[in-house]
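Here is the structure we will look at, set down as structure tokens.
Here the structure is a predicted model, which is why all the values come from computation and not from measurement.
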Amino acid sequence: MGINFKESKASLEQANKIAQDLERLLKQQEALISGTKAAASHAKESQVLLELAKLPVDRLKDATEETVRIETLRKYGFQNVASIYNSSAIQLERIPGITLSAAQSLKALADQMYQAVAQSISYGIDIDDLTQADTDLIENLQGLDLLKAVTKNSTSKMKPIAQTLRNSLTQTQPLNSRFRWLFTGSEKKERALNALQEITYLVGEPTTIALVEVARLGLDTLEKKSLQPVEEFKKRSSDYYAILEEVTNVRPNTAANRHFNQELLDKIQAQELDTSTIKATLRQYQTFGGKFALTQNRVIIGDEMGLGKTLQAISAIAHRSSLGANRFLVVCPASVITNWTREVDARSELPIIKIHGEDHKASLHRWVEASGIGITTYDTLKSFEISDEQIAGLGVDTVIVDEAHYIKNISTGRTRTIARWLDRSPNVIFLTGTPLENRVEEFIALATLLDSKMGNELSRVALAAGPESFRRTVAPIYLRRNTEEVQKELPELIEVVEYCTWEGVDKQKYIDAVASGNFMAMRRAAFSAQPNMIPSKLERLLELVEESFESGQKVIVFSYFRSIIEQVMQALGERAIGPITGSVSSTQRQNIVDEFQNSPTPLVLVGQIQAAGTGLNIQAASVVILCEPQIKPSLEVQAIARAHRMGQVRKVQVHRLILPESVDEHMLTMLAYKQSEFDDYARDSDLANQAPGAKNASDESMAKVIVMEERKRLGINESDLEVHITDEEEEN
């Protein structure tokens, strides 16, 4: 057999170069993974030692039945558990009165306490106090993030190709020269020719060609990576933390629902989730949420605000798209339609058609003809001129309903309209961070829309069997996780009540509002100024803004009332951006947020809490100011979650401006009560028939109680005047 040694040598050199490039990339990836693990371990060790330093040495007595000579340890400078942990048994034995056996016991106790603390805390990066370990970690995570974006998780396919090429190349040594070939035995010659044939096939295989191109692009990207990893982390910390979770193999409680039985958990865990078209790294709890939706088909994902419910829903429909489904419908409030469009575009490769605005009929026609993800609003959906038969004919695979509590009232036209689509789609995902605001019937209404049989069963259970039975019954369709369970790295949330004074306030306006039963005027009165004076609340707000700007922090100011928003905007002048109110379109809202987020200098974003407090991601802000308490806890919680959410890298400070001896204090009490009821019955997927007194605790009754209490305090005649809690001019 004639051999073209020149061609063989060229093929072998090409194969060697390919193997080298694949191996270089894999080696760099492994180095980044090892560096990430080492930096994370070192950084967490520092945090654990800080916690141990807070534990007085006395705590060692609580951990053992043996005698511990606490006073002796203190006398020789061992004041806390960290000091014991950082010492060796030999060093401890040198203390007069401490035997080697006692020293070894002390050291073992400190080591055990270290492990206990290490398991109880989760590592988070304090962006305002970075250690070298933090910086090393961020740099390694940046490299892994860049590799992930370029390779799209294809490195696992590179390793077997590199190994096969390398093994085959070792068999082809005789082909390196004619002289060597002459003195090679027939068996080795045959192996060399077979290896050459395998190499030739593998090098020309389309998958290999694509992977080599990706590997070389990855190497080039790493070489030219940004020199500002910390700035990148600030912008994309949620992606970095997701990679950290993946690399360190942390296993948080992804289900966070003790009422899931093992069979259901096993079924969800076994479900595949194809994320090849997702342009993001999912957290493990998000992966679980996507699998939950795929497994159970018609579900409520009620995760706390800021945990990425949108991405979980997108991941589910991306998987269904990979299996051949091609038509999906997203229904959401107008305030978040732009956010939805951006999220789907930024996080996936799925085609989008926005069906909203003046051209919505043309967009609807395009979606009907071309399929894809149709994104529309509740009100626009009502204007679709489409029959039940046509809806069925469209074959919509999945309907996603965002802020699903908007359809908790089954008797409304909005709910009846959406029910037509839900009844004709095999898969439904309800997203809501507030599945239960006042009573369990609201939750049952949502469950009934998903599954009428389930709704009927829940109604009976709620009335007869109590909360435990209810929770077990609802588990197959309801998933809720709370921030502290699955995002332990989220920076601290600090809430401060700022007690102001009546100085500068036109108190007579408040008294008149109480006398006339005008609840909304009572709430606004703290910002009504005496001539040539600044109300105390506004003065404190300006001070907080000034303090925030001095430390380089951006601020969000929320109020329910337009008049207060205008007053704040005027007082802040060029330092303010906005306002975001109910009359501002979703596109304008997003543009305002973008300008705020991208500003290199601190600004104040001013917004009406009903409009700016939902559906927007504003992690650039780390200070939130609430001008007055709200009637529903969910309004405040949602507003705070605009800043304190996945992607936030700084501690978030919330300042509540409160006027003593006024409606504010009564509302704080009511808020605390309502929040307590929510925590008891819904926060952990724990729903019950009703919270004591909460079933009838309407906004109207709350307002009436507060007005009556204030009349009594101010000595105003308690005649049965009508209480006004609506204020059309302010609300819209």
Side-chain angles (χ1 to χ4, degrees), residues 1-34 143-178 180-181 184-225 243 246-247 272-282 318-324 326 348-351:
M1 174 183 175
I3 298 172
N4 188 325
F5 285 95
K6 188 175 181 181
E7 285 184 7
S8 297
K9 188 176 180 181
S11 293
L12 296 177
E13 285 176 352
Q14 181 188 12
N16 188 52
K17 179 69 170 67
I18 288 172
Q20 283 179 344
D21 287 343
L22 293 176
E23 287 165 347
R24 277 177 59 212
L25 184 79
L26 291 168
K27 189 175 180 181
Q28 290 219 30
Q29 183 184 50
E30 189 52 45
L32 289 167
I33 289 172
S34 299
L144 288 172
D145 180 61
L146 290 169
L147 270 186
K148 195 176 184 71
V150 172
T151 65
K152 296 185 177 177
N153 290 326
S154 61
T155 52
S156 60
K157 299 174 185 175
M158 296 178 186
K159 193 170 185 177
I161 292 174
Q163 287 176 339
T164 302
L165 286 174
R166 189 58 68 202
N167 292 338
S168 296
L169 283 166
T170 60
Q171 305 278 339
T172 62
Q173 294 297 328
L175 289 165
N176 286 338
S177 71
R178 285 187 176 85
R180 190 166 185 171
W181 183 256
T184 300
S186 58
E187 190 177 328
K188 286 189 176 180
K189 281 182 178 179
E190 186 178 355
R191 284 204 301 266
L193 291 172
N194 288 337
L196 177 62
Q197 188 176 10
E198 186 174 19
I199 286 170
T200 304
Y201 168 76
L202 199 55
V203 166
E205 217 273 323
T207 301
T208 304
I209 294 169
L211 288 173
V212 171
E213 188 177 335
V214 166
R216 288 169 180 165
L217 180 60
L219 290 166
D220 187 55
T221 301
L222 287 176
E223 191 176 323
K224 297 176 180 176
K225 70 177 180 180
I243 294 170
E246 193 177 80
V247 167
E272 288 187 12
L273 180 65
D274 185 344
T275 58
S276 58
T277 59
I278 295 292
K279 296 182 282 188
T281 304
L282 271 66
H319 178 90
R320 288 183 175 135
S321 175
S322 72
L323 297 177
N326 63 3
S348 78
E349 297 174 2
L350 300 168

Completion exercise
Closest non-hydrogen atoms of Ala215 and Leu22, given as atom of the first, atom of the second and distance, are CB-CD2, 3.8 Å

Practice task
Quick one: list whatever passes side chain to side chain donor-acceptor pair (under 3.5 Å) with Asp145, sequence neighbours left out.
Solution key: Arg236

Practice task
List for me each residue that meets salt bridge (Lys or Arg N to Asp or Glu O under 4.0 Å) alongside Glu349, sequence neighbours excluded, and say none if there are none.
Solution key: Lys152

Handout entry: Spacing of CG belonging to Leu25 relative to CD belonging to Glu30, to within rounding of 0.5 Å
Key = 11.5 Å

Exercise for the section: Not counting sequence neighbours, which residues clear side-chain contact (heavy atoms from CB on, under 4.5 Å) with Gln29? List them please. Expected result: Leu26, Ile33, Leu144, Leu147, Thr155

Exercise for the section: Please report the closest heavy-atom contact between Gly143 and Leu222, naming both atoms and the distance. Expected result: O-CD2, 3.7 Å

Handout entry: Shortest non-hydrogen contact from Gly218 toward Val150
Key = N-CG1, 3.7 Å

Handout entry: Residues in side-chain contact (heavy atoms from CB on, under 4.5 Å) contact with Thr164, at least two apart in sequence or another chain
Key = Ser168, Glu198, Leu202

Handout entry: Greater than 12 external heavy atoms within 6.0 Å of Lys279's NZ
Key = yes

Practice task
Determine the sole option in Glu13, Gln20, Gln14 for which the side-chain contact (heavy atoms from CB on, under 4.5 Å) test with Asn16 is passed.
Solution key: Gln20

Handout entry: Heavy-atom closest pair, residues Thr277 and Ala318
Key = OG1-CB, 3.6 Å

Problem - Selection residues 205-217 - residue pairs positive for side chain to side chain donor-acceptor pair (under 3.5 Å), sequence neighbours left out - result: Asp21-Arg216, Glu205-Thr207

Fill in the blank from the handout: Partner of Glu23 under side-chain hydrogen bond (donor to acceptor under 3.5 Å, both in side chains), picked from Arg166, Gln28, Gln163, is Arg166

Problem - Validation row: Ser154, Leu211 side chains within 4.5 angstrom (heavy atoms) - result: yes

Exercise for the section: Measure the spacing between OG1 of Thr281 and NZ of Lys148 and express it to the nearest 0.5 Å. Expected result: 4.0 Å

Handout entry: Lys159: salt bridge (Lys or Arg N to Asp or Glu O under 4.0 Å) partners, not counting sequence neighbours
Key = none

Exercise for the section: Indicate yes or no for a side-chain donor-acceptor contact from Ser34 to the backbone of Ala31 under 3.5 Å, with no hydrogens or angles considered. Expected result: no

